[in-house]
2 protein chains.
Amino acid sequence: MKDEKSPISTRENLLRAAIRVVQQGSVSSLTLDAVAREAGVSKGGLLYHFPSKDALIKGLVAQFIAEWNRAMDWEFERDPTPELPGRWLRAYIRSCFANYDAEEYATLGLTQGDVAGFLVAISSDTGLLADVYKEYEIWDEKCLNDGIDPAVATVIRLAADGLYFSEAFHLAPPTGEAKRKVMESLLALAKPSGQ
Amino acid sequence: MKDEKSPISTRENLLRAAIRVVQQGSVSSLTLDAVAREAGVSKGGLLYHFPSKDALIKGLVAQFIAEWNRAMDWEFERDPTPELPGRWLRAYIRSCFANYDAEEYATLGLTQGDVAGFLVAISSDTGLLADVYKEYEIWDEKCLNDGIDPAVATVIRLAADGLYFSEAFHLAPPTGEAKRKVMESLLALAKPSGQ
DNA sequence: ACAACTGTACCGGCTGGACGGTAAAAATCG
DNA sequence: CGATTTTTACCGTCCAGCCGGTACAGTTGT
């Protein structure tokens, strides 16, 4: 009731609009004018909430990290075999393989793959992804201390990421039944019996 | 003896210069002026060989594909266990894990990871990566028809790609001994006994 | 043999548009 | 009213692509 017109509303609206712009175009089409137009505000209005383009991108990155962590926590909680080692890896796998479109997690109403496409494209530019790097190191450490052989754990993480990127960049990603079997193969690896 | 001043020389020089610009800066620093300056030619000279920026990027993409295919062929030929199924997958793995810096393959004198960073950043822009998409489908088909269980083969491909991206985007890539063990785990998977 | 012509390779200044950012006025709200 | 939020108008920069040249190597005509 109080988020209807709260000061956050416009801000979030702008973030959603920014994502939409990237989705319906390319990364290079992410301009202040385009985002403002998409959000239905003026450019000045956009710059009031995000004083610079970098600030806008940082907002997107922060939202992305938060969303992904939420998704992984959720998967972690509902793991069917919580007693087995590799629980966190399994949550990681499921998070990468799931496409949360407009569901409970999709705070921004987007597919994770789309966000990745955006983020990575930005990455090469400036140090805007520094937060993502840090987050990744945390995830990596969790992977390595999950009761699974570290090498196998890294294989799993890389494969899950690989799927993510293959979807984001259309690099022959598996779909349908094949995708399901790939995920199951990975989940099998993420259990002590898996190697 | 006749390639000293051949008309190809300038063209290749420009491509090398373009890569250098991206490496020593960011993707966004890839401007026509910068490439021309780096190559020691004028902007007009650059535009003579590549009539547009897109054409220049397409040239880079083509070079990249050719180089990677050459690397994979080379690994394929020197596979230590050519009699076992999964030979092509093993070549794929080794290509992704190797860093050919200024060796036989490095026609452009760059690390594969660098190229990936560049390519992907460009990718979201236009249909400039259409050729890469097609190439990937070919690779995918080779992966699936390599005598290994398709799901496992896809896991391997995704993991190899994942390593590639993790290096390109600094997403906690394994290094040193850990990296070697990861590769060995993958190579083990790429053999009948591996699953 | 040499002049006129043609095509190739390259130069460098220019421009028009896009884009990030600013600032002050205007509207809205408490 | 005063603070917050939003708009309108504008500036400066950067950059892709264009265009009028230059130099020079062949080629052709006579």
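Just so it is clear: chains get the letters A, B, ... in the order the sequence lines come, proteins before strands, and each one is counted from 1.
The interatomic distance linking B:Lys53 (NZ) with D:dG17 (P) rounds to 8 Å, in whole Å. Rounding to whole angstrom units, CD1 of residue A:Ile57 and P of C:dC19 are separated by 14 Å. Remark: C1' of C:dC11 and CG of B:Leu47 are 11 Å apart, rounded to the nearest angstrom. Rounded to an integer number of Å, the gap from CG of B:Asn13 to C1' of C:dA9 is 14 Å. For A:Arg37 and C:dA18, the CZ to C1' distance is 11 Å, given to the nearest whole Å. Rounded to whole angstrom, the span from the CG atom of A:Asp54 across to the P atom of C:dC19 amounts to 16 Å. Rounded to an integer number of Å, the gap from CG of A:Leu30 to P of C:dC19 is 10 Å. Protein atom CZ of A:Arg11 is 12 Å distant from nucleotide atom P of D:dT5, rounded to whole Å.
On a pure distance criterion of 3.5 Å, a polar donor-acceptor pair joins the side chain of A:Lys43 and the base of C:dG21.
A:His49 has a side-chain polar atom (N or O) that falls below the 4.0 Å cut-off from OP1 or OP2 of D:dT6. OP1 or OP2 of D:dT5 lies within a sub-4.0 Å distance of a side-chain N or O belonging to A:Tyr48. Note on B:Thr10: every side-chain N or O is 4.0 Å or more away from OP1 and OP2 of C:dA9.
Counting non-hydrogen atoms under 4.0 angstrom, B:Thr31 reaches the backbone sugars and phosphates but no base. Backbone-only engagement by A:Leu32 is indicated by non-hydrogen atom pairs under 4.0 Å involving sugar-phosphate atoms exclusively. Residue contacts for B:Leu46: at a heavy-atom cut-off of 4.0 Å it reaches no nucleic acid atom on any strand shown.
Remark: B:Lys181 NZ is loosely packed, at most 12 non-hydrogen atoms of other residues, nucleotides or ligands lying under 6.0 Å away. Within 6.0 Å of CD in B:Glu184 there are more than 12 heavy atoms belonging to other residues, nucleotides or ligands.
When each of A:Phe169, A:Phe97, A:Trp68 is tested with A:Tyr164 by the rule ring pair (Phe, Tyr, Trp, His ring centres under 6.0 Å), just one qualifies, namely A:Trp68.
A salt bridge does not link B:Glu67 with B:Arg70: none of the charged nitrogens is closer than 4.0 Å to a carboxylate oxygen.
The shortest distance between side-chain heavy atoms of B:Gln24 and B:Glu38 falls below 4.5 Å.
Mapping A:Ser52 and B:Gly45 onto DNA chain C via the closest heavy atom, the residue that lands nearer the 5' end is B:Gly45.
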